[in-house]
Amino acid sequence: MRDDSAMNLSTELLDWYDRHARTMPWRVSPADRARGVRPDPYAVWLSEIMLQQTTVAAVRDYFLKFTRIWPKVTDLAAAEDADVMAAWAGLGYYARARNLLKCARVVASEHAGRFPDTYEALLKLPGIGPYTAAAVSAIAFDRSSVVVDGNVERVIARLHAVETPLPDAKPELTALAADLTPEARPGDYAQAVMDLGATICTPRSPACGICPWSGPCRARAMGLQSELPRKRPKAARPVRQGVAYLARRRDGAWLLETRPEKGLLGGMLGWPGSDWAEAVPDHAPPLAADWTDPGAEVRHTFTHFHLSLSLRVAQVGDVTPDRGRFVPRDSFRPADLPTVMRKAYDLAAATLPPIE
DNA sequence: TAGTCGTGGTT
DNA sequence: TAACCAAGACT
């Protein structure tokens with residue numbers, strides 16, 4: 001139940017947000033919001049999907065590109081899968097792009113091109129979980145949903161000096177966050193807590209001296225502000241090995257394949273090659289050629305393992321490969337590849353003579 | 001439920 | 001350098 005102190009806290013934070021809100025391409029400023037300007041639910045949803053586990057700085061250009069190419073959800077719903085995956089390349093967590101397209105198509109076909117405006121209905125859509133359903137319903141539709149992301153977990157854990165490690169502390173933090181969530185301006189409030197976490201109540205070296213909540217903050221009073229929230233230690237990352245084959249035809253076409261929908265880099269373009277495991281798995285090249293080893297390996301770190309990828313490079317004639325397809329020079333853009341594949345390209349292309 | 005799923009910046 | 005971290009979802 002919200003009491004006076006909770007009301008004071010949310011009011012203090014909204015006052016701070018009115019003065020310090022960050023500017024973002026998808027955001028309506030608190031001043032404009034007060035004048036009645038409503039955010040576009042499509043822009044709110046798109047930005048929230050892109051921002052999952054991803055920094056604002058990384059998202060900005062992708063958001064502008066997507067809204068330029070596909071200004072409305074119905075435009076995105078009508079897009080080709082390969083075009084959307086290519087546009088997402090480099091942003092990571094590619095299941096988000098697959099679910100983004102699924103969600104756009106459901107909204108277009110089953111909701112007449114308009115996003116549902118409740119937490120429960122949003123939660124049913126592909127790629128929308130508890131956080132995103134709460135954020136979109138609050139920011140786009142003024143619902144007083146309880147928005148709990150990593151920022152909120154950190155801010156609330158400090159405010160109440162919750163010492164239970166995450167993720168066990170999640171239910172407790174959600175309940176505490178619910179007590180603070182106001183009925184008025186829920187969208188601004190949600191964005192305010194996240195701005196506070198991103199700019200002041202940061203993971204390390206929080207700027208308590210300029211924090212609007214420093215007075216009531218129990219962690220600060222206890223000197224625990226840099227210790228909370230506690231987290232369970234993560235497992236060490238193993239090193240996996242693999243081999244990738246980069247074949248270029250004399251006309252400049254490259255041999256690529258679309259990876260399976262499920263699993264790592266699902267649905268993205270990649271070079272044919274072995275699986276990735278702690279010992280190099282048995283495998284065969286995608287076609288017979290005079291493969292050369294450029295020597296240098298591609299090193300890349302994923303969420304749960306390090307990869308050391310050996311390369312085999314060849315200039316080939318007009319042959320039919322056992323795997324993949326040749327992508328013509330004119331339609332091949334290295335930027336359409338996920339980062340590990342683009343690193344391999346950068347190394348391999350340097351070993352081959354230029355195309356006429 | 002705990003593992004899977006990217007990337008680039010920061011410390 | 002290696003670890004940590006960022007507006008989580010899915011299975």
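No experiment lies behind these values; they were computed from the predicted model shown. For the numbers below, each heavy atom of this structure counts, side chains included, while hydrogens, waters and symmetry mates do not. Chain naming here is simple, since letters A, B, ... match the order of the sequence lines and numbering starts at 1 in each.
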Open item on the list: Taking the minimum atom-to-atom distance to the side chain of A/R204, which one of C/dC5, C/dA6, B/dG8 wins?
Closed with: C/dC5
Open item on the list: Rounded to whole Å, how long is the line connecting atom CG of A/D149 with atom P of C/dG8?
Closed with: 5 Å
- [ ] Identify, between A/R237 and A/I139, the residue whose nearest nucleotide on DNA chain C lies closer to the 5' end.
- [x] A/R237
Open item on the list: Less than 4.5 Å apart, side chain to side chain, heavy atoms only: is that true for A/T303 and A/Y93?
Closed with: yes
Open item on the list: Would you measure the distance from the P atom in C/dA7 across to the matching atom in B/dA2 and give it in whole Å?
Closed with: 23 Å
TODO: Just call it for A/G90: base, sugar-phosphate, or nothing, with non-hydrogen atoms closer than 4.0 Å on any strand.
DONE: sugar-phosphate
Task: Proximity to the side chain of A/P203 - top-ranked nucleotide from B/dT7, C/dA9, C/dA6 - done: C/dA6
Open item on the list: Taking the minimum atom-to-atom distance to the side chain of A/M194, which one of B/dT7, C/dA7, C/dA9 wins?
Closed with: C/dA7
Task: Heavy-atom donor-acceptor pair, A/R114 side chain to A/P41 backbone, under 3.5 Å - done: no
- [ ] Would you indicate which nucleotide in C/dA7, B/dT7, C/dG8 comes nearest to any side-chain atom of A/E48?
- [x] C/dA7
- [ ] Just call it for A/G263: base, sugar-phosphate, or nothing, with non-hydrogen atoms closer than 4.0 Å on any strand.
- [x] sugar-phosphate
Task: Non-hydrogen atoms of A/E297 and A/S310 that approach each other most closely - done: OE2-OG, 3.0 Å
Task: Proximal nucleotide (of C/dA7, B/dT7, C/dA6) relative to the A/F302 side chain - done: B/dT7
TODO: Take the protein atom CG of A/L46 and the nucleotide atom P of C/dA7, then report the distance between them rounded to whole Å.
DONE: 18 Å
TODO: Tell me, please, whether A/W276 has A/R259 positioned over its six-membered ring: NZ or CZ under 6.0 Å from the ring centre and within 45 degrees of its axis?
DONE: yes
Open item on the list: Just the rounded figure in Å: distance from P of C/dC5 to NE2 of A/H304.
Closed with: 19 Å
TODO: Whole angstrom is fine here: how far is it from CZ in A/R60 over to C1' in C/dA6?
DONE: 14 Å
Task: Atom-pair distance (CG on A/L307; C1' on B/dG6), nearest Å - done: 12 Å
Open item on the list: Please confirm whether the shortest side-chain N or O distance from A/T55 to OP1 or OP2 of B/dG9 is below 4.0 Å.
Closed with: no
- [ ] Please state how far atom CG in A/L264 lies from atom P in B/dT4, giving the value in whole angstrom units.
- [x] 11 Å
Open item on the list: By the 4.0 Å heavy-atom rule, please label A/R98 as base, sugar-phosphate, or nothing.
Closed with: nothing
- [ ] With heavy atoms under 4.0 Å as the rule, sort A/W88 into base, sugar-phosphate or nothing.
- [x] nothing
Open item on the list: A side-chain contact here means heavy atoms from C-beta on lying under 4.5 Å apart; do A/L173 and A/L166 qualify?
Closed with: yes
TODO: Using heavy atoms to find the nearest nucleotide of DNA chain B for A/H300 and A/P167 separately, return the residue whose nucleotide is more 5′.
DONE: A/P167
Open item on the list: Any base atoms under 4.0 Å from A/T132, or only sugar-phosphate, or nothing? Heavy atoms, all strands.
Closed with: sugar-phosphate
- [ ] Give a yes or no on whether the ring-centroid distance for A/H300 and A/F302 is below 6.0 angstrom.
- [x] yes
- [ ] Nearest-nucleotide wise, let me know which of A/P126 and A/D195 is further upstream toward the 5' end of DNA chain C.
- [x] A/D195
Open item on the list: Using only modelled atom types and a 3.5 angstrom limit, is any donor from either the side chain of A/T54 or the base of B/dG6 paired with an acceptor on the other?
Closed with: yes
Task: Cationic tip of A/R237 above A/F305 ring, under 6.0 Å, 45° of axis - done: no
Task: Proximal nucleotide (of C/dC10, C/dA7, C/dG8) relative to the A/A198 side chain - done: C/dA7
Open item on the list: Considering every strand and a 4.0 Å limit on heavy-atom distances, what is the contact class for A/M268: base, sugar-phosphate, or nothing?
Closed with: nothing
Open item on the list: For a quick check of understanding: with a heavy-atom distance under 4.0 Å over all strands, which category does A/V56 fall into, base, sugar-phosphate or nothing?
Closed with: base
Task: Separation of C/dA7 C1' from A/L196 CG (nearest whole Å) - done: 14 Å
TODO: Grab the CD-P distance between A/Q53 and C/dG8 for me, whole Å please.
DONE: 5 Å
- [ ] Please state whether the phosphate of B/dT7, meaning OP1 or OP2, lies under 4.0 angstrom from any side-chain nitrogen or oxygen of A/Y94.
- [x] yes
- [ ] Tell me what A/I49 touches on the nucleic acid: a base, only sugar-phosphate, or nothing, going by heavy atoms under 4.0 Å.
- [x] nothing
TODO: For A/L101 and A/E80, run side-chain contact (heavy atoms from CB on, under 4.5 Å): C-alpha distance rounded to whole Å, both residues' side-chain angles, the deciding distance at 0.1 Å, then the answer.
DONE: CA-CA 9 Å; A/L101 200 40; A/E80 296 288 341; over 6 Å; no
Open item on the list: Taking C/dA9 as the reference, what is the distance to B/dT1 when you measure between their C1' atoms (whole Å, please)?
Closed with: 14 Å
Task: Residue whose closest nucleotide on DNA chain B lies nearer the 5' end, A/V340 versus A/R240 - done: A/R240
- [ ] Select one nucleotide: of C/dA6, C/dG8, B/dG6, the one nearest the side-chain heavy atoms of A/Q52.
- [x] C/dG8
Open item on the list: Checking contacts here: which listed nucleotide (C/dA7, B/dG8, B/dG6) is nearest the side-chain heavy atoms of A/T303?
Closed with: B/dG6
Open item on the list: Any base atoms under 4.0 Å from A/R27, or only sugar-phosphate, or nothing? Heavy atoms, all strands.
Closed with: base
